[in-house]
2 protein chains.
Amino acid sequence: MSPRTRAKVLQAIEELGYVPNSLARSFALQRTKTIGLVITDITNPFFTTLARGVEDTAAKNHFSVIFCNTDENPEKEALYLELLAGKRVDGVILAPASRKKHSLKSLLARGIPVVLVDREVEGLHQMDVDIVKGDSVYGAYILTKHLVGLGHRRIGIIVGNKEISTAEDRVLGYRRALEEAGIPVDESLIRFATYSEEGGYREAKSLLACGNRPTAIFGGNNFIALGVVAAVKELGLRIPEDIALVCFEDIDFISKFVPFFTVVVQPAYSMGVIATELLIRRIEGQDKVRERREVVLKPELIVRESAGEKLLREVRVLQQN
Amino acid sequence: MSPRTRAKVLQAIEELGYVPNSLARSFALQRTKTIGLVITDITNPFFTTLARGVEDTAAKNHFSVIFCNTDENPEKEALYLELLAGKRVDGVILAPASRKKHSLKSLLARGIPVVLVDREVEGLHQMDVDIVKGDSVYGAYILTKHLVGLGHRRIGIIVGNKEISTAEDRVLGYRRALEEAGIPVDESLIRFATYSEEGGYREAKSLLACGNRPTAIFGGNNFIALGVVAAVKELGLRIPEDIALVCFEDIDFISKFVPFFTVVVQPAYSMGVIATELLIRRIEGQDKVRERREVVLKPELIVRESAGEKLLREVRVLQQN
DNA sequence: TTGAAAGCGCTAACAA
DNA sequence: TTGTTAGCGCTTTCAA
């Protein structure tokens with residue numbers, strides 16, 4: 001092409017405000033450069049951060065991301081997955097609402113790659129999906145061990161729905177720590193609720209109502225822990241003097257204001273980044289025939305205050321600050 | 001069509017796993033049933049909540065939403081808008097990174113409807129865009145008035161970048177309250193920084209370093225306020241005994257843990273819902289020829305503790321709880 | 001190197 | 001009512 005023609009074409013592009021229609025392009029190419037992000041609730045800080053990791057990484061690779069909130073509802077999830085399949089997204093990142101085998105399969109059947117985040121699904125190992133998750137067993141183990149180390153022997157645990165793999169994993173880690181410490185597991189202290197404030201509130205009230213009440217409560221996530229705080233306050237008890245409280249997931253900015261709340265945090269942003277990288281690698285098909293990947297990220301224990309006398313000192317500091 | 005044929009067709013659909021290709025549909029129809037949501041940072045709880053309102057409303061109307069984070073960077077914003085235009089989204093909800101006239105126009109030129117959220121843009125009234133925003137002037141006015149009512153006369157204010165309309169609006173409301181109270185405005189107490197923790201931290205240190213330091217600080221948003229907290233702590237001062245602190249936007253769960261922090265909150269979820277409804281109404285073209293809409297939502301003052309002696313009582317309650 | 005044409009899967013307009 | 005066809009704007013293949 002002569003430089004003159006070239007200039008003319010460019011000028012025409014400019015004048016007419018031409019923008020290539022990527023819709024037509026996608027249609028011709030059968031690739032949309034779009035991925036779906038299906039989580040339970042963007043409002044949950046864990047997923048917010050994860051979503052940011054996903055979007056940043058997607059943008060870097062010239063992908064867009066459509067986000068969907070399932071509210072832990074498998075039917076909503078199925079609807080969204082169907083929608084995304086129809087829209088011909090190039091891939092999906094999914095935090096499954098349930099571990100049941102499931103709508104996911106229809107995506108895979110259509111050759112749409114899927115990467116799971118945070119949670120497992122039944123029969124995962126027979127399917128061709130990658131997964132990026134936190135080590136819930138380990139996290140719960142160190143959190144429980146921390147409480148045991150502080151002298152607690154009756155520790156209540158409240159987690160989400162049994163349908164969610166992290167709930168069972170966290171209970172597993174809890175059991176392991178107790179067994180290791182030679183503390184018999186009291187099944188009545190283990191509560192499956194929902195990963196929500198209401199869930200934490202209700203189960204905490206029930207745990208604290210019984211005669212032989214626990215001296216510590218392990219919140220399965222941040223929302224549950226907030227419910228526990230509400231229940232404890234309502235019963236006129238103190239954290240952590242009367243009840244120690246720890247949980248999975250941090251609570252934003254809490255460290256700035258409150259001296260207690262030992263916590264295990266997961267690297268949510270990294271999870272988003274890694275999941276997106278795995279997904280894009282599959283989409284681009286750099287290594288077509290290869291085994292599924294399972295990335296397990298270690299959570300981090302952040303010890304603030306969990307029990308007893310230290311609180312008083314801290315409150316004094318708070319007053320002075 | 002005979003019921004028999006019908007059954008046969010349905011069976012074939014089932015067997016072949018047929019899913020209508022909405023990509024082809026979009027292409028033929030020139031409508032994608034997709035909207036773009038361009039915000040500064042999904043990680044900011046205000047935008048997280050807004051995004052949830054957008055997604056819920058979009059889903060209800062069978063729209064998908066692509067989300068983009070500009071990090072207050074006008075170039076990133078322009079890139080995203082270009083991308084979305086290329087993808088032929090049916091409309092865009094935008095929290096503009098800058099008030100300068102701008103990439104937005106190229107969307108409008110291509111007939112893609114835009115609804116602004118939270119922030120204005122220069123020459124808005126000449127353009128055919130709706131806007132949904134909080135009443136920053138009013139919010140800042142009542143917040144400042146609250147401080148004045150508590151006896152403060154030297155009140156520092158730290159807001160975001162001047163390029164963002166809410167920053168100027170909040171300063172405006174602040175001025176108005178002071179003027180109304182007959183308090184002369186000391187320009188050195190007005191600081192334009194960024195809507196970030198660092199911004200709040202830096203300006204707070206500067207404000208507190210000068211001889212005639214303010215007795216109260218007005219944080220332009222939640223992040224700025226957190227920066228102020230850090231600065232105040234570092235200087236060995238106490239909130240609110242030495243420095244009162246109030247801010248725009250709530251800080252999640254803070255009320256559960258800290259007795260102070262009077263705040264003005266905006267109805268972020270509703271903003272998302274309304275913006276989406278306006279946008280979809282434009283997309284569906286129910287009322288083609290009509291004036292632009294401007295929805296201004298009143299924020300709500302939440303008085304916790306902002307000054308003095310009450311804190312001690314509250315800390316005692318906290319200890320007992 | 002450049003140009004022409006088929007095809008991606010749907011909708012809508014038109015014909016039978 | 002049912003069937004046929006053009007066309008959405010791009011990419012890719014094949015011909016010139």
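Convention: sequence-line order gives letters A, B, ...; per-chain numbering from 1. What you see is a predicted model; the values in this text were computed from it and never measured.
Pairing analysis of DNA chain D (Watson-Crick: purine N1 to pyrimidine N3 plus N6-O4 or O6-N4; G-U wobble: N1-O2 and O6-N3; both under 3.5 Å) yields stems of 3 or more pairs at C:1-14 with D:3-16.
Going from atom CZ of A:R31 over to atom P of C:dG9 covers 16 Å, rounded to whole Å.
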Using atom types as modelled, flag every donor-acceptor pair under 3.5 Å from a side chain in residues 103-111 of chain B to any protein atom, sequence neighbours excluded.
from: B:S106; atom 1: OG; to: B:S103; atom 2: O; distance (Å): 2.8
from: B:R110; atom 1: NH2; to: B:E82; atom 2: OE2; distance (Å): 3.2

Please output the side-chain donor-acceptor pairs of residues 63-70 of chain B that fall under 3.5 Å, not counting sequence neighbours, one pair per line with the distance.
from: B:S64; atom 1: OG; to: A:K87; atom 2: NZ; distance (Å): 3.1
from: B:N69; atom 1: OD1; to: B:I42; atom 2: N; distance (Å): 2.8
from: B:N69; atom 1: ND2; to: A:E55; atom 2: OE1; distance (Å): 2.9
from: B:T70; atom 1: OG1; to: B:I39; atom 2: O; distance (Å): 3.3
from: B:T70; atom 1: OG1; to: B:E72; atom 2: N; distance (Å): 3.3

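Judged by distance alone, the side chains of A:S165 and A:R119 never bring a donor and an acceptor atom under 3.5 Å apart. Checking B:T40 against B:Y195 by side-chain atom types alone, no donor-acceptor pair falls below 3.5 Å.
For A:N161, the side-chain contact (heavy atoms from CB on, under 4.5 Å) partners at least two apart in sequence or on another chain are A:E163, A:I164. For A:F27, the ring pair (Phe, Tyr, Trp, His ring centres under 6.0 Å) partners are B:F27, not counting sequence neighbours.
A distance-only check finds no donor-acceptor pair linking the side chain of A:D71 to the backbone of A:N73 [under 3.5 Å]. A:D169 contributes no side-chain N or O that, together with a main-chain N or O of A:V137, makes up a donor-acceptor pair within less than 3.5 Å.
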Please list, for nucleotides 7-9 of chain D, all pairs of protein and nucleotide N/O atoms separated by less than 3.5 Å.
from: D:dC8; atom 1: O3'; to: B:Q30; atom 2: NE2; distance (Å): 3.4

